[in-house]
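A short write-up of the structure that comes next.
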Amino acid sequence: MNCFVDKYDEKAFFLHQYNPVVDAHLDLAAEIYERYQGGEREVIKNHYLENFKKAGITFIVSSVFIPTKQLPARGFELTLMQISALLKDIETIKEEVILVQSKMDMQMVISEHKIGIILYLEGLDIITNDCSILRALYAMGVRGASLTWSRRNYLGEGCCRADKLEDIRGGLSKLGIQTLQMLEQLNMFVDVSHLNDDGFEDVLMWTKKPFIATHSNARNVHMSYRNLTDNQIQALAKRGGVIGLNAYKSIVGVHSINNPIHKMCDHIQYIIRLVGENHIGFGLDLCDSYERALPRREFEIEPMDCLKNHAELILISAQLLREGCSEDTVKKVIGGNFVEYFMKFVSI
């Protein structure tokens with residue numbers, strides 16, 4: 001990315017190289033596990049590291065995601081196997097990439113220009129009806145969780161999938177509320193992406209600390225129940241949370257006539273106008289590489305992501321600069337807001 005189209009591309013490149021850059025949602029552990037099952041090794045090195053470096057990535061928040069067909073029978077087993085695969089892969093590039101488990105780790109990542117992986121669970125289906133399991137997960141290095149994916153579990157209702165438009169009702173169960181309290185007690189972050197609207201209201205009611213939406217956009221920019229309403233964005237911001245910009249086409253609202261970079265910037269600018277510059281970051285949810293890793297893929301998939309890879313994050317930052325955002329604002333968007341959140345509110 002050293003061939004600059006204009007001054008904005010050049011500024012964006014240097015902002016990414018000299019400031020923290022965070023992607024708050026990537027199905028990395030799940031993808032590594034799938035690729036290991038197919039005989040691959042050194043997945044981060046071979047599929048991600050070069051583009052991480054081009055984007056200046058400092059932290060990746062890696063989800064552990066369990067497909068619906070594997071639940072409930074293999075949920076906990078696959079969780080352990082995904083975490084194990086991630087740790088094994090990190091070991092192959094330990095001079096450059098580390099698992100972040102403490103604020104000291106975060107500080108070291110920043111000062112020594114490494115890449116830190118923060119581990120969290122995308123949906124807590126695996127704890128079934130026992131939230132005390134969170135203590136064991138914390139001991140394994142897990143530092144946050146969403147209560148649901150886009151499906152119902154013991155804790156509550158998920159929202160509908162991104163390719164559907166269905167207002168699913170129903171709040172958190174008693175166990176869901178207890179789980180929220182346990183997450184806060186352990187200083188693990190709470191993620192409301194994939195939670196339905198009633199569940200969001202319960203999180204707001206039953207938590208005291210700031211929470212985040214790792215990979216959701218603005219519903220008023222594109223109507224999807226995976227995106228947040230104005231009231232939800234304002235409530236999350238008032239609490240001190242951060243929203244991660246999702247790059248999945250059907251969540252951004254990208255069609256063949258849209259410029260995906262411009263449309264993603266529309267979501268960022270809308271949220272900045274609504275609640276200010278301190279509550280938006282990146283949570284890209286890049287899915288194409290993960291989908292290509294799945295064994296059922298005997299054909300070329302249609303790209304679902306607005307970006308080809310993490311290196312193209314610089315295109316978003318350059319466009320924000322063109323649209324009049326200050327360099328200080330862009331620094332917050334690319335990673336500053338999420339770094340501040342994790343340093344201040346999460347026990348890592």
Side-chain angles (χ1 to χ4, degrees), residues 12 14-26 52 55-63 98-120 142-146 183-184 186-193 203-204 207-218 228 232-246 267-284 310 313 316-317 320-321 325-348:
F14 285 105
L15 286 175
H16 276 252
Q17 294 304 311
Y18 294 101
N19 298 279
V21 181
V22 179
D23 178 2
H25 184 87
L26 179 65
F52 282 173
I57 291 290
T58 315
F59 297 103
I60 293 287
V61 181
S62 168
S63 69
I98 69 167
L99 181 70
V100 172
Q101 299 185 74
S102 67
K103 291 179 182 178
M104 186 178 298
D105 288 343
M106 287 192 71
Q107 292 162 347
M108 183 184 72
V109 166
I110 293 170
S111 64
E112 297 185 11
H113 306 287
K114 295 180 182 289
I115 297 170
I117 309 295
I118 300 171
L119 191 59
Y120 96 109
V142 176
R143 292 297 180 263
S146 56
L183 287 166
E184 289 205 324
L186 293 170
N187 286 326
M188 296 170 71
F189 68 81
V190 174
D191 173 23
V192 295
S193 290
V203 169
L204 192 62
T207 59
K208 297 178 181 178
K209 297 179 180 180
F211 55 88
I212 58 178
T214 60
H215 55 304
S216 296
N217 296 340
L228 302 178
Q232 290 171 341
I233 293 169
Q234 289 167 329
L236 183 149
K238 186 176 180 180
R239 184 68 69 81
V242 185
I243 299 161
L245 175 78
N246 195 309
H267 285 278
I268 294 172
Q269 296 280 36
Y270 184 87
I271 291 170
I272 289 174
R273 288 194 299 270
L274 187 64
V275 294
E277 62 187 15
N278 297 321
H279 306 285
I280 179 67
F282 295 139
L284 301 175
H310 284 83
L313 270 176
I316 299 176
S317 300
L320 290 173
L321 292 168
C325 286
S326 69
E327 290 188 19
D328 285 341
T329 294
V330 174
K331 288 178 187 178
K332 292 181 177 184
V333 173
I334 67 177
N337 288 333
F338 269 120
V339 168
E340 183 176 355
Y341 172 82
F342 289 128
M343 289 292 288
K344 189 182 295 184
F345 299 116
V346 184
S347 180
I348 57 175

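Residue D191 comes nearest to A213 through the heavy atom pair OD1-CA, 3.5 Å, listed as atom of the first residue, atom of the second, then distance. Scanning all heavy atoms of the two residues, the minimum distance from A218 to I271 falls at CB-CG1, 4.2 Å. Shortest non-hydrogen contact noted between V330 and C325 is CG2-CB, 4.0 Å. Minimum interatomic distance between I268 and I316 (heavy atoms only, all atoms of both residues): CD1-CG2, 3.8 Å. Nearest heavy-atom pair across L204 and A235 is CD2-CB, 3.7 Å. Between D105 and L99, the shortest heavy-atom contact is OD2-O, 3.7 Å.
Between F338 and Y341, the ring planes are perpendicular. Angles over 60° get that label, and only those under 30° would be called parallel.
Side-chain atoms of V109 and I98, non-hydrogen and from C-beta on, do get closer than 4.5 Å to each other. Considering only heavy atoms from C-beta on, E327 comes within 4.5 Å of L321 through its side chain. With contacts defined as side-chain heavy-atom distances shorter than 4.5 Å, the pair H25/V61 does not qualify. Contact annotation: the side chain of F342 never approaches that of V100 to less than 4.5 Å [non-hydrogen atoms, C-beta and beyond]. Two residues are said to be in side-chain contact when any heavy atoms from C-beta on lie closer than 4.5 Å; V333 and E277 fail this criterion. In this structure, V339 and T58 have side chains that are not in contact, with every pair of non-hydrogen atoms separated by 4.5 Å or more. Taking 4.5 Å as the limit, every side-chain heavy atom of I212 sits out of range of all side-chain heavy atoms of F345.
Taking Q17 as the reference, F13 meet the side chain to side chain contact (heavy atoms under 4.5 Å, CB included) condition, with sequence neighbours excluded. The salt bridge (Lys or Arg N to Asp or Glu O under 4.0 Å) search around K209 returns none, not counting sequence neighbours. Residues passing the ring-ring contact (aromatic ring centres under 6.0 Å, His included) test with H267, sequence neighbours excluded: none. Remark: S146 engages no residue in a side-chain hydrogen bond (donor to acceptor under 3.5 Å, both in side chains) (not counting sequence neighbours). Residues passing the side-chain hydrogen bond (donor to acceptor under 3.5 Å, both in side chains) test with D23 are H310, sequence neighbours excluded. Annotation: ring-ring contact (aromatic ring centres under 6.0 Å, His included) contacts of F211 (sequence neighbours excluded): F200. Applying the side-chain hydrogen bond (donor to acceptor under 3.5 Å, both in side chains) criterion to S62, with sequence neighbours excluded, gives no partner residue. In this structure N19 satisfies the side chain to side chain contact (heavy atoms under 4.5 Å, CB included) test together with L15, K331, I334, sequence neighbours excluded. Partners of E340 under the side-chain hydrogen bond (donor to acceptor under 3.5 Å, both in side chains) rule, at least two apart in sequence or in another chain, are K344. For the salt bridge (Lys or Arg N to Asp or Glu O under 4.0 Å) test, no residue two or more places apart in sequence or in another chain qualifies with E184.
Note that CG of L119 is 9.0 Å distant from CE of M188, once rounded to the nearest 0.5 Å. Rounding to the nearest 0.5 angstrom, the gap separating the NE2 atom in H215 from the OG atom in S63 is 7.0 Å. Taking CG of L284 as the reference point, atom CG of L26 lies at 8.0 Å (rounded to 0.5 Å).
Pairs of residues two or more places apart, or lying in two chains, never qualify as salt bridge (charged side-chain N to carboxylate O under 4.0 Å, His left out) while including a residue from residues 235-246.
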Just list the side-chain donor-acceptor pairs under 3.5 Å for residues 110-118, sequence neighbours left out, or say none.
residue	atom	partner	partner atom	Å
S111	OG	Q107	O	3.1
S111	OG	M108	O	3.3
K114	NZ	E95	O	2.7

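With hydrogens and angles disregarded, no donor-acceptor distance shorter than 3.5 Å links the side chain of K332 to the backbone of N337. Remark: side-chain polar atoms of H279 are paired, donor with acceptor, to backbone N or O of G241 under 3.5 angstrom.
Checking H16 against S317 by side-chain atom types alone, a donor-acceptor pair falls below 3.5 Å.
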